[in-house]
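Below is one structure; the comments refer to it alone.
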Amino acid sequence: MSEQEILLGSGNLSLGVVANVATATETEIAAALTEVGAISGGATLTYTPTFKEIKSANYGTLASFLTDEQVTFTSGILNWNLKNLENFSAGAYSEDETAGTRRIGIGGLKNIPINYLRFEHTKPNGKKLTVNVFKAQSQNGFALNFDNENETIIDAQFLALAVPGKTDGTLVEIIEEI
């Protein structure tokens, strides 16, 4: 198993639910996305392929076949609102304007949302590098550390799920302006 890691630096992270990712237009995707918050520590896209090797006793490796691929996107989210925790958990968010409160109940709902994830990094020359994870699901949970000395950061990690029907990359795309 080998791993290819791309450090993206800082940028804007957006999430949203896109109805039919395989056929959605850029206008539909952009309308569904909401910026999650400021990023701390940059972002990392990791691609991990798994291979099955066919070996002979006398010649060594004769062939190698790709059997699995995994893409993860990791970023620290510095400023956030309570509603964003719905994107990372089996949680239900609500607001009570009469009481002046916001609430998220976490656990027992059995489903963690599947989001379209977009990360946009602006290079020093002003051109953009955009990472689109078509179906991203947070599967590592989160920790909220409330400390007088340091800011609270959510270390969010998303696993890319395959999009049946896409023929030009089913997990992630990276678009670079040149």
Side-chain angles (χ1 to χ4, degrees), residues 1 3 5-22 24 28-48 50 68-121 130-166 169-174:
M1 182 187 315
E3 189 172 281
E5 189 173 278
I6 302 168
L7 183 62
L8 298 169
S10 193
N12 297 320
L13 176 62
S14 300
L15 297 170
V17 177
V18 176
N20 188 347
V21 175
E28 293 168 329
I29 294 167
L33 297 177
T34 301
E35 188 172 338
V36 173
I39 301 300
S40 174
T44 303
L45 180 72
T46 304
Y47 171 72
T48 307
T50 302
D68 192 28
E69 298 171 289
Q70 182 173 319
V71 171
T72 58
F73 180 89
T74 307
S75 183
I77 299 171
L78 178 60
N79 65 349
W80 51 277
N81 68 47
L82 202 56
K83 181 161 178 45
N84 285 335
L85 293 180
E86 267 188 323
N87 294 316
F88 311 117
S89 66
Y93 173 82
S94 62
E95 288 187 23
D96 184 338
E97 291 184 18
T98 305
T101 60
R102 295 182 182 118
R103 177 189 183 278
I104 186 160
I106 298 173
L109 298 178
K110 306 293 184 212
N111 290 316
I112 295 178
I114 296 171
N115 290 284
Y116 191 103
L117 180 150
R118 174 168 288 168
F119 180 79
E120 291 181 314
H121 169 74
T130 302
V131 174
N132 291 315
V133 179
F134 309 119
K135 290 173 66 177
Q137 187 175 46
S138 177
Q139 295 186 350
N140 73 324
F142 58 86
L144 298 176
N145 181 19
F146 298 100
D147 161 339
N148 289 338
E149 302 293 320
N150 297 302
E151 62 278 1
T152 299
I153 298 170
I154 297 173
D155 290 321
Q157 182 180 67
F158 293 89
L159 176 67
L161 306 176
V163 179
K166 275 190 81 47
T170 63
L171 298 172
V172 64
E173 71 180 352
I174 303 169

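Rounding to the nearest 0.5 angstrom, the gap separating the CG atom in N115 from the NZ atom in K135 is 11.5 Å. For the atom pair CD of E35 and CZ of R118, the computed distance is 12.5 Å after rounding to the nearest 0.5 Å. Going from atom CD1 of I154 over to atom CG of L85 covers 4.5 Å, rounded to the nearest 0.5 Å. Within the model, atoms CG of N87 and OH of Y93 stand 12.0 Å from one another, a figure rounded to the nearest 0.5 Å. Here S14 contributes atom OG and L117 contributes atom CG; the two are 8.0 Å apart, rounded to the nearest 0.5 Å. Distance CD/Q157 to CZ/F73: 11.0 Å, rounded to 0.5 Å.
Distance alone, capped at 3.5 Å, places no donor-acceptor pair between the Q137 side chain and the L161 backbone. Looking at N84, its side chain does come within 3.5 Å of a backbone N or O of V36 through a donor-acceptor pair.
Residues meeting the salt bridge (Lys or Arg N to Asp or Glu O under 4.0 Å) test with R102, sequence neighbours left out: E95.
Taking the side chain as every heavy atom from C-beta outward, L159 and Q70 approach each other to under 4.5 Å. Counting heavy atoms from C-beta on, the side chains of T48 and T72 never come closer than 4.5 Å. Counting heavy atoms from C-beta on, the side chains of L45 and I174 come closer than 4.5 Å. The shortest side-chain heavy-atom distance between F158 and V133 does not fall under the 4.5 Å cut-off. The closest side-chain heavy-atom distance from F134 to T170 is not below 4.5 Å. Looking only at side-chain heavy atoms (C-beta outward), F119 and I39 come within less than 4.5 Å of each other. A heavy-atom distance below 4.5 Å is found between the side chains of V172 and V131.
The shortest heavy-atom contact between T98 and D96 is N-OD1, 3.0 Å. Smallest separation of non-hydrogen atoms from K110 and A90: N-CB, 4.1 Å. Considering all non-hydrogen atoms of both residues, A22 and P164 come closest at CB-O, 4.0 Å. The two atoms that bring I104 and S89 nearest to each other are CD1-OG, 4.4 Å, heavy atoms only. Listed here is the closest heavy atom pair of A24 and I29: CB-CG1, 3.9 Å. When every heavy atom of G91 is checked against every heavy atom of L109, the shortest pair comes out as C-CD1, 3.5 Å.
A donor atom on one side chain and an acceptor atom on the other are not found under 3.5 Å apart for E120 and N12.
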